[in-house]
Amino acid sequence: MYALALLVNTFGTGLLMVSLPLYLIRIVELSAAEVGVGLTIASAITLLVGLPLGDLADRRGPLGMTKAMLLVQCAATVGLLFIDSFATFVVVVTVEMVAGRAIVTAEGALLRRVADDSAAGFRSLTHAITNVGFSLGFAGSGIALQIGTPTAFHVAIVINVLTFVGAWVILHRGMPRYEPLPIPHTALRWSVMRDKPFVAYAVVGIAFSLQFSVLLLLLPIWVVDHTNAPDWTVSASLVINTILVVAFQIRLGAKVQTLRQGGLAWRRAGLAFLCSCAVMGFAAGLPAWAALLMIVVAVCVHTVGEIWHLAAGFALGMGLPPAHAQGQYDGFASILGGIGVAIAPALLLGPVLSNGRVGLIALGAVFALTSMVMPVVARWGERTRPTSPDVGETEAAGATA
């Protein structure tokens, strides 16, 4: 039932992800600069509240948190219909993004309750489902953009509102109530700050968070301005990426369950990113057909790296935190990951792009070099985890029995 709720929710999110900026500019009549500044403000606030939101999910229960935030997102999305100034835009989009971040932060803790020991593998499944939902939403947004009337945009917003309601109903009726796990008496508030292996994992993750912007931000400009490949190569590349993730994320993710396997998969991802960046760089200057072929190969290799990276992140991100503090740990990791996402545009479209092929190879080298650290971090985390079951897990298992 959780997977179905996720599919419904991501479909609605994908529906507005592409069309929202154009709605704000064309229909609400905000300037592009105002939209950019407003989204930056909302993103900054969302970044700061990641840790408190994760801690709240642990203390109040991840399912209850998810259901409550779905209703908050529903109300905020309704508010999109009534934006009449820059100030109301900032308020509405901030509330919506904070609620969305809370749901993402609570996901790991909820999956530990739903899937138990298979949580890392199940998270690969949910990622594949997320890609399917987004793809369906993107297709729907294309219809709204093609029509381009206020009514078309408003219908898309209303459908998104209904998807939040639908996801809430599915979770409410189809999921058992999960009480918060007992917190050990020795546990310190925000103990993630003192967990050195996890902090190291999150810091290394800053560099790897750049990879999410390579296909969405760097590739389109590289293809159009620096290669002879046809412009439709960009959209074809995104389709290929989505198909490969849906087809292979579960299969490869099932092989990455332990901390040590996660560290090795992370290293494989770094080497794949190095190869993909190099192949992408050498597409410049080739004839159109050869450039197209090189870009497709680069995207395929990058996608393999993305799958390994995500599988490794699921194994490490679920294996390092104690069960009673999963949300708190995820919230902390999201803050550092958000830093990487925030600097990605300036870095990728600045030094990397301006240095052409050399810049791309240097970016790949950053991925490869930082990935070499993760197996060491994984072994460090393995040595420092308690050998006995987590107190919260033990008490919860006893209560269930």
Side-chain angles (χ1 to χ4, degrees), residues 2-3 6 104 107-132 195 197-212 214-215 241-276 300-323 326 329-330 332-334 336-337 340 364 367-385 390 393:
Y2 176 77
L6 182 65
V104 172
E107 181 184 39
L110 182 55
L111 290 183
R112 289 189 77 142
R113 311 297 294 276
V114 172
D116 197 23
D117 292 337
S118 303
F122 190 64
R123 210 162 191 180
S124 290
L125 170 63
T126 62
H127 180 70
I129 292 171
T130 296
N131 273 269
V132 173
D195 192 334
F198 188 85
V199 171
Y201 154 73
V203 169
V204 175
I206 295 177
F208 264 60
S209 63
L210 298 174
Q211 70 95 353
F212 295 110
V214 169
L215 297 188
N241 171 260
T242 301
I243 292 174
L244 291 177
V245 169
V246 172
F248 294 105
Q249 183 70 63
I250 300 171
R251 187 178 305 176
L252 294 182
K255 300 177 181 179
V256 185
Q257 299 290 326
T258 66
L259 292 177
R260 190 159 300 194
Q261 290 170 341
L264 295 175
W266 195 287
R267 185 172 63 191
R268 287 195 292 270
L271 296 175
F273 292 145
L274 171 59
C275 292
S276 66
C300 290
V301 175
H302 180 95
T303 303
V304 172
E306 178 184 336
I307 293 172
W308 283 126
H309 171 217
L310 291 169
F314 297 153
L316 293 163
M318 303 292 285
L320 289 172
Q326 181 70 54
Y329 275 60
D330 283 348
F332 177 78
S334 73
L336 296 190
F367 288 133
L369 291 175
T370 56
S371 73
M372 298 300 170
V373 179
M374 197 56 83
V376 178
V377 172
R379 291 194 295 271
W380 183 17
E382 197 174 46
R383 290 194 304 270
T384 54
R385 298 309 94 176
D390 184 83
E393 291 177 314

Heavy-atom closest pair, residues [X] and [Y]:
{"X": "L336", "Y": "I206", "result": "O-CG1, 3.4 Å"}
{"X": "T384", "Y": "P197", "result": "OG1-CG, 3.4 Å"}
{"X": "V301", "Y": "C275", "result": "CG1-CB, 4.1 Å"}
{"X": "T258", "Y": "A315", "result": "O-CB, 3.7 Å"}
{"X": "G340", "Y": "S209", "result": "CA-OG, 3.1 Å"}
{"X": "A312", "Y": "A265", "result": "CB-CB, 3.9 Å"}

Classify the ring geometry between H309 and W266 as parallel (under 30°), tilted (30 to 60°) or perpendicular (over 60°). perpendicular

In Å, rounded to the nearest 0.5 Å, how long is the span from [atom1] of [X] to [atom2] of [Y]?
{"X": "Q211", "Y": "L310", "atom1": "CD", "atom2": "CG", "result": "6.5 Å"}
{"X": "I243", "Y": "T303", "atom1": "CD1", "atom2": "OG1", "result": "10.5 Å"}
{"X": "I307", "Y": "H302", "atom1": "CD1", "atom2": "NE2", "result": "10.5 Å"}
{"X": "E382", "Y": "L320", "atom1": "CD", "atom2": "CG", "result": "10.0 Å"}

Donor-acceptor list for residues 367-381 side chains, cut-off 3.5 Å, not counting sequence neighbours:
| residue | atom | partner | partner atom | Å |
| --- | --- | --- | --- | --- |
| T370 | OG1 | V366 | O | 2.8 |
| T370 | OG1 | F367 | O | 3.2 |
| S371 | OG | F367 | O | 3.4 |
| S371 | OG | A368 | O | 2.6 |

Heavy-atom distance under 4.5 Å between the side chains of E306 and Q249, does that happen here? no

Could you check whether any side-chain heavy atom of V256 comes within less than 4.5 Å of a side-chain heavy atom of W308, counting everything from C-beta outward?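 A side-chain contact exists here, since the closest heavy-atom pair is under 4.5 Å.
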
Trace of the side chain to side chain contact (heavy atoms under 4.5 Å, CB included) decision for D195 with Y329: CA-CA 10 Å; D195 192 334; Y329 275 60; 2.9 Å; yes

Residue pairs involving residues 198-208 (criterion salt bridge (charged side-chain N to carboxylate O under 4.0 Å, His left out); sequence neighbours excluded):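 Not a single pair qualifies under salt bridge (charged side-chain N to carboxylate O under 4.0 Å, His left out).
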
Is the distance between the ring centroids of F198 and Y201 less than 6.0 Å?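 Yes, they do, as the ring centres are separated by less than 6.0 Å.
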
